[in-house]
Amino acid sequence: MGNGVGFVKSCFTRRANVIEELALRSEGFRDLCDDFVSANDEKLQWERSSAPEHDERIAEYQELVDSLRIEIEQALDRAAVVPFIRPRR
């Protein structure tokens, strides 16, 4: 798995198995994981920056990280649901 999936597993350690399973079958989820690690890395770079727009960029990337975190949590919740199938009569 890519770097993003590993990072997401380190952020959601209790759901590592669901993350692994979802990443194996969903390219969209893997892309979401890659976006999450990229946004986090960019935020960390801006935290080390002394550029005048430092605070603004950190806030923007924090908002993106938070949004992606919610999206990942929702994808994991959907993946963890076991459908209930009624028996045929």
Side-chain angles (χ1 to χ4, degrees):
M1 291 289 146
N3 186 30
V5 173
F7 180 72
V8 170
K9 286 170 60 176
S10 74
C11 294
F12 299 92
T13 54
R14 290 184 174 181
R15 301 180 87 176
N17 290 338
V18 176
I19 292 165
E20 190 74 27
E21 289 174 24
L22 186 54
L24 285 171
R25 66 177 193 259
S26 173
E27 182 178 353
F29 182 74
R30 290 190 303 271
D31 290 343
L32 181 60
C33 293
D34 291 342
D35 291 346
F36 185 62
V37 75
S38 295
N40 190 69
D41 288 347
E42 287 295 322
K43 185 185 86 127
L44 293 174
Q45 284 185 358
W46 278 105
E47 287 174 351
R48 293 187 293 270
S49 173
S50 59
E53 66 271 21
H54 163 267
D55 291 336
E56 184 180 342
R57 296 295 176 254
I58 291 172
E60 289 172 353
Y61 277 105
Q62 184 61 56
E63 185 177 332
L64 179 58
V65 167
D66 293 344
S67 173
L68 290 168
R69 178 181 292 276
I70 290 168
E71 217 175 313
I72 289 168
E73 288 172 342
Q74 290 171 341
L76 294 175
D77 290 345
R78 285 190 304 271
V81 172
V82 177
F84 178 73
I85 301 171
R86 293 183 180 197
R88 294 182 180 213
R89 294 181 189 221

Practice problem: Side-chain contact test, heavy atoms from C-beta onward, threshold under 4.5 Å: evaluate it for Arg15 versus Asp77 and give yes or no. | Solution: yes
Problem set entry | Check: Leu44 and Tyr61 side chains under 4.5 Å, non-hydrogen atoms | no
Of all heavy-atom pairs between [X] and [Y], which one has the smallest distance, and what is that distance?
X: Leu24; Y: Arg30; value: O-NH1, 3.8 Å
X: Leu68; Y: Ala39; value: CD1-CB, 4.0 Å
X: Cys33; Y: Val8; value: SG-CG2, 3.6 Å
X: Ala79; Y: Arg25; value: CB-NH2, 3.8 Å
X: Ser49; Y: His54; value: O-CD2, 3.0 Å
X: Gln62; Y: Lys43; value: OE1-NZ, 2.9 Å

Residue Glu47 excluded, over 12 heavy atoms near CD under 6.0 Å
yes
message = Is it the case that over 12 heavy atoms from other parts of the model lie below 6.0 angstrom from the CD atom of Glu53?
response = yes
Separation between CZ (Phe36) and CD1 (Ile72), nearest 0.5 Å, reads 5.0 Å
Here the gap from Arg57 atom CZ to Glu60 atom CD, rounded to the nearest 0.5 Å, amounts to 4.5 Å
Practice prompt. Look at the side chain of Ser26 and the backbone N and O of Leu22, then say whether any donor-acceptor pair between them is shorter than 3.5 Å.
Written response: no
| task | Give a yes or no on whether the backbone of Phe7 and the side-chain of Ser10 come within a donor-acceptor separation of less than 3.5 Å. | result | yes
Is there a donor in the side chain of Glu21 and an acceptor in the side chain of Asn17, or the other way round, less than 3.5 Å apart?
no
query = Step by step, would you call Trp46 with Glu56 a side-chain contact (heavy atoms from CB on, under 4.5 Å)?
reply = CA-CA 9 Å; Trp46 278 105; Glu56 184 180 342; over 6 Å; no
